[in-house]
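Remember, predicted model here, so these are calculated numbers, not experimental data. The first residue of the sequence shown is numbered 1, and numbering continues consecutively from there. Both ligands and their constituent atoms are indexed starting at 1 by order of listing.
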Amino acid sequence: MQAAVRRISREGTLSVPRDEITDGGKIMEKKNLDWANLSFGYMTTDYRYVSVYRDGAWDEGCLTTDPNVTMNECAGILHYCQEVFEGLKAYTTEDGHIVTFRPDLNAERMMNSAARLEMPAFPRERFLDAVEQVVKANAAWVPPYGSGATLYVRPYMFATGPVIGVKPSDEYQFRILVTPVGPYFKGGAKPISICVSDFDRAAPHGTGDIKAGLNYAMSLHPYVLAHENGYDENMYLDSATRTYVEETGGANFLFVTKDGEIVIPKSGSILPSITRRSLVYVAEHYLGLKVTQRPVAFAEVGEFAECGLCGTAAVISPVGRVVDHGKEICFASGMDEMGPTIKKLYETLTGIQMGTVEAPEGWIHRIM
Ligand code: PLP
Ligand code: COI
């Protein structure tokens, strides 16, 4: 890699010009990592993208080698939690390309999240270009096809301008970091155990339907409790009545009936998962399955044959059992492997992402 590094930004970060990030247009040699045994963790990669919003406008943005962020002690993110983020992945396809999956939907969701927290929109085309730049620059970190790992791409935006009274900041940073990851849950495709949380994740008319750090901060205590009690995740119920299934801390639910139909919990306070929306299409158009999206009462969960968690990080992680204060619901699919319908969904979706199954138009964004 010939990346001549130069200093350009106002913050004094190190930046590389865009046309110097690949070696003559070829993908540079992969990093020497144990790809098959990566966990879902952070490691510092070579480049990240940063753009600064100041005086009512985004600057042109650049790649930087500096993984650190410096900001004022009174920055809005530090006091009033003005932050939104996204999560998507870059994949190496069977024929050796690097692609991302429906990044336009991440761009749109991030604009919706930003609007709810009174933050400026990072424009869709800029978002797509930034993802492309940062993935290209870190091509050596994109796990090889067949390794089971992927490059997790984390766009995020936060308030850097000082505020002491409660109000929106007037300066922001949009950044994207990337890190190679393995499965979100230890054991990969092995079914997990979850428990019903005593805490609520989101309120009606609150922020549960946007991707903001504040939704995750409040989930950390229930997350620690769940882990201390031997569970992998929490199932959150609706906070108004505590009778309907909402979602987990980082994924939407998907259920399969005994007749092989798909049921998706519908609620205004869950995140509109891109994976779940894609799975609905895959179920209907690739697998010919009936899909119903409706409120799902916790009382009926035991009637389903299979249960899965869907999200970018989780892909579709099978759930083997749900425990509600000592009362166990065990799905017929068991604790050893994915149930047959979730397996078909998983294989079709990952096949689309890795280029072994033909994708619907516009889903796959080729980067190189
Ligand atoms: N629900 C929550 C709370 C999440 O954090 C995520 C992860 O992004 C999802 C659902 C799944 O969304 P997506 O499929 O867009 O990654
Ligand atoms: C994702 O799936 O991208 C998320 O942001 C979930 C997070 C809990 C890792």
Side-chain angles (χ1 to χ4, degrees), residues 38-43 83-91 100-113 116 127 131 149-157 175-186 192 194 197 199-203 206-220 222-224 226-227 232-239 245-254 264-283 293 307-317 319 345-346 349-350 352-353 363 365:
L38 290 179
S39 60
F40 193 89
Y42 167 75
M43 67 177 81
E83 188 261 2
V84 296
F85 68 99
E86 271 304 322
L88 65 157
K89 284 174 172 172
Y91 309 83
T100 51
F101 179 72
R102 311 190 77 181
D104 49 318
L105 298 188
N106 295 98
E108 281 159 23
R109 190 170 61 187
M110 193 165 192
M111 288 195 276
N112 292 338
S113 301
R116 176 67 175 81
F127 182 102
V131 168
T150 49
L151 188 77
Y152 188 68
V153 179
R154 169 56 64 85
Y156 56 115
M157 188 204 294
R175 299 179 72 100
I176 305 180
L177 66 83
V178 300
T179 186
V181 294
Y184 190 63
F185 294 106
K186 267 195 240 105
I192 57 168
I194 63 175
S197 176
F199 295 88
D200 295 329
R201 176 180 179 276
T207 55
D209 61 338
I210 63 162
K211 205 159 169 60
L214 54 90
N215 289 329
Y216 299 79
M218 52 59 57
S219 77
L220 298 178
Y223 168 90
V224 168
H227 279 248
D232 300 285
E233 251 296 358
N234 283 290
M235 170 186 273
Y236 292 102
L237 301 179
D238 77 289
S239 63
V245 175
E246 292 264 293
E247 60 175 327
T248 67
N252 283 179
F253 279 104
L254 176 152
I264 308 271
K266 190 173 176 177
S267 158
S269 47
I270 64 177
L271 191 76
S273 159
I274 293 163
T275 313
R276 183 252 294 164
R277 286 182 267 162
S278 305
L279 286 169
V280 166
Y281 186 90
V282 164
Q293 304 197 50
C307 170
L309 304 183
C310 43
T312 298
V315 193
I316 317 179
S317 301
V319 176
L345 285 166
Y346 176 89
L349 179 72
T350 53
I352 289 171
Q353 291 165 335
W363 279 25
H365 183 85

| message | Using a 4.0 Å cutoff against the non-hydrogen atoms of G250, which atoms of ligand 2 qualify? | response | 6 (C), 8 (C)
| query | Near F85, which atoms of ligand 2 are under 4.0 Å from a heavy atom of that residue? | reply | 5 (O)
| field | Pairing residues for E83 by the salt bridge (Lys or Arg N to Asp or Glu O under 4.0 Å) criterion, not counting sequence neighbours | value | none
| Which residues share a salt bridge (Lys or Arg N to Asp or Glu O under 4.0 Å) with R109, sequence neighbours left out | E86
Nitrogen or oxygen atoms of [X] and ligand 1 under 3.5 Å apart:
X: E247; result: yes
X: R201; result: no
X: S273; result: yes
X: L271; result: no

When you measure from [atom] to every protein heavy atom, which one gives the shortest distance, and what is it?
atom: atom 7 (C) of ligand 1; answer: K211 NZ, 3.2 Å
atom: atom 5 (O) of ligand 1; answer: Y216 OH, 2.4 Å
atom: atom 9 (C) of ligand 1; answer: G250 O, 3.6 Å
atom: atom 16 (O) of ligand 1; answer: T312 OG1, 2.6 Å

| task | Consider only side-chain N and O atoms of R154 and Y152, and report whether a donor and an acceptor are under 3.5 Å apart. | result | yes
Shortest non-hydrogen contact from [X] to [Y]?
X: S278; Y: W363; result: O-CH2, 3.6 Å
X: G268; Y: D209; result: O-CB, 3.5 Å
X: F85; Y: M110; result: CA-CE, 4.2 Å
X: S197; Y: N234; result: CB-OD1, 3.5 Å

What are the atoms of ligand 1, with element, lying closer than 4.0 Å to any heavy atom of [X]?
X: A251; answer: 1 (N), 2 (C), 4 (C), 9 (C), 10 (C)
X: G311; answer: 11 (C), 14 (O), 16 (O)
X: R109; answer: 12 (O), 13 (P), 15 (O)
X: C310; answer: 11 (C)
X: N252; answer: 1 (N), 10 (C)

| request: Would you indicate whether Y346, at its atom OH, is surrounded by more than 12 heavy atoms from other residues, nucleotides or ligands within a distance under 6.0 Å? | output: no
| Can you tell if the side chain of Y156 reaches within under 4.5 Å of the side chain of L177, non-hydrogen atoms only? | yes
| message | For the 3.5 Å polar cut-off, considering only N or O atoms, please tell me whether K211 and ligand 2 meet it. | response | yes
| said: If we ignore hydrogens and angles and just use 3.5 Å, is the side chain of S113 paired with the main-chain N or O of K211 as donor and acceptor? | reply: yes
| Does at least one non-hydrogen atom of R277 fall below 4.0 angstrom from an atom of ligand 1? | no
| Touching ligand 2 at all, R154? Heavy atoms, strictly under 4.0 Å? | yes
| query | What do you reckon, does E86 put a non-hydrogen atom under 4.0 Å from ligand 2? | reply | no
| task | Tell me which one of F40, Y152, Y184 gets a heavy atom nearest to atom 1 (C) of ligand 2. | result | Y152
| Hey, which of V178, N106, I176 is the one that makes side chain to side chain contact (heavy atoms under 4.5 Å, CB included) with V131? | I176
